[in-house]
Amino acid sequence: MKTIDVCLSPELMHLYEVRNRTVVAVDILRATSCMVTALAHGAESITPFAQMEECLNMKTKGYLTSGERDGKKVDGFDKGNSPFEYMGDQVRGLKIAFTTTNGTQAIEKSKGAKEVIIGSFLNLSSVVKYLLLGENNVLIVCAGWKGRVNLEDTLFAGAVVEKLKDYLGPDCDAPLAARHLYNLAKDNMAGFLNDSSHVKRLNRLNIYRDFEFCLSVDQYKILPRLENGVLVA
Ligand code: 3SL
């Protein structure tokens with residue numbers, strides 16, 4: 001039986017051997033939700049960067065630059081980190097350079113994996129189907145917040161573990177914990193997350209609608225994957 005594990009923070013990545021695994025990088029609020037949205041709306045590619053300067057430099061190469069630190073759009077960047085900035089014709093056919101506080105850091109730390117795909121509630125079923133049919137053991141890497149664990153990424157991990165429980169065995173206790181949490185929360189995820197640290201942070205920035213959208217399941221069918229450091233649908 002294939003296995004599934006959950007890395008609750010990128011700071012714990014050193015504990016996992018990823019060379020032979022499929023890694024699912026996830027930052028529900030909001031980086032990976034934005035990436036899925038942008039690629040679903042026709043963006044040609046997204047190049048993730050850990051460093052802001054490197055990302056901003058891509059402007060000179062014709063890229064749209066997207067950047068956020070502590071939830072706020074960074075000066076000089078074309079776009080911030082709201083999924084609503086990546087809909088309709090706003091990004092169609094464009095190459096995007098993207099840097100965020102946690103999401104792109106988690107992707108950076110996952111680069112040694114056999115393959116890296118991007119997960120969010122917006123493309124949950126596509127992720128589940130792909131992992132089910134794939135040959136590799138799985139590691140879900142939660143972006144968390146500055147090295148700390150967060151609830152929303154853990155809930156997503158739990159949703160995946162729950163849906164694959166008859167096919168992929170847990171590698172340790174983190175997938176079990178995530179699954180139990182998800183089962184507690186699944187009937188009212190927004191309510192369950194109301195007191196969570198990042199929801200409070202987003203509320204202070206007046207972006208509640210991003211939160212609601214990022215929790216909506218299966219808006220899109222795409223599955224972004226990292227190819228030579230670039231995310232494509
Ligand atoms: O940390 C990240 O990658 C962001 O998604 C955080 S925020 O939602 O833009 O604050």
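Read the numbers this way: they start at 1 and go in the same order the structure lists the ligands and their atoms.
- Contact atoms of ligand 1 toward Thr101: 1 (O), 2 (C), 3 (O) (distance under 4.0 Å to a heavy atom of the residue).
- With ring centers used as reference points, Phe211 lies 6.0 Å or more from His198.
- The distance criterion of under 3.5 Å between nitrogen or oxygen atoms is not met by Thr104 with respect to ligand 1.
- Ligand 1 places these atoms under 4.0 Å from at least one heavy atom of Gly71: 7 (S), 9 (O), 10 (O).
- In terms of protein heavy atoms, atom 5 (O) of ligand 1 is closest to Arg30 N, 2.6 Å.
- The only member of Leu155, Ile28, Asn188 that meets side-chain contact (heavy atoms from CB on, under 4.5 Å) when paired with Leu193 is Leu155.
- Of all atoms in ligand 1, numbered sequentially from 1 with element shown, those under 4.0 Å from a heavy atom of Leu29 are 4 (C), 5 (O), 6 (C), 8 (O).
- Looking only at protein heavy atoms, the nearest one to atom 2 (C) of ligand 1 is Asp27 OD2, 2.9 Å.
- For ligand 1, the polar-atom distance check against Leu202 finds no nitrogen or oxygen pair separated by under 3.5 Å.
- Shown are Asn123, Leu223, Leu231; of these, the side-chain contact (heavy atoms from CB on, under 4.5 Å) with Ile117 is made only by Leu223.
- Counting heavy atoms from C-beta on, the side chains of Thr37 and Phe213 come closer than 4.5 Å.
- Salt-bridge check for Lys79 with Glu85: failed, with every basic side-chain N at 4.0 Å or more from each acidic carboxylate O.
- To the nearest 0.5 Å, atom CZ of residue Arg69 and atom CE of residue Met52 are 5.0 Å apart.
- Polar contact check, His198 against ligand 1: a nitrogen or oxygen pair lies under 3.5 Å apart.
- Set against the non-hydrogen atoms of Ala31, the atoms of ligand 1 under 4.0 Å away are 3 (O), 5 (O).
- If you check which protein heavy atom lies closest to atom 1 (O) of ligand 1, you get Asn102 ND2, 2.6 Å.
- Only side-chain heavy atoms of Glu68 come within less than 4.0 Å of ligand 1; its backbone N, CA, C and O stay farther off.
- For Phe121 and Phe156, the ring centers are positioned less than 6.0 Å apart.
- At a heavy-atom distance under 4.0 Å, only side-chain atoms of Asn81, from C-beta outward, approach ligand 1.
- Near Gly103, with a cut-off below 4.0 Å to any heavy atom, the atoms of ligand 1 are 1 (O), 2 (C), 3 (O).
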Salt bridge (charged side-chain N to carboxylate O under 4.0 Å, His left out) assessment of Arg21 paired with Asp171: CA-CA 12 Å; Arg21 295 205 216 201; Asp171 225 355; 3.4 Å; yes

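- Salt-bridge check for Lys165 with Glu162: passed, with a basic side-chain N closer than 4.0 Å to an acidic carboxylate O.
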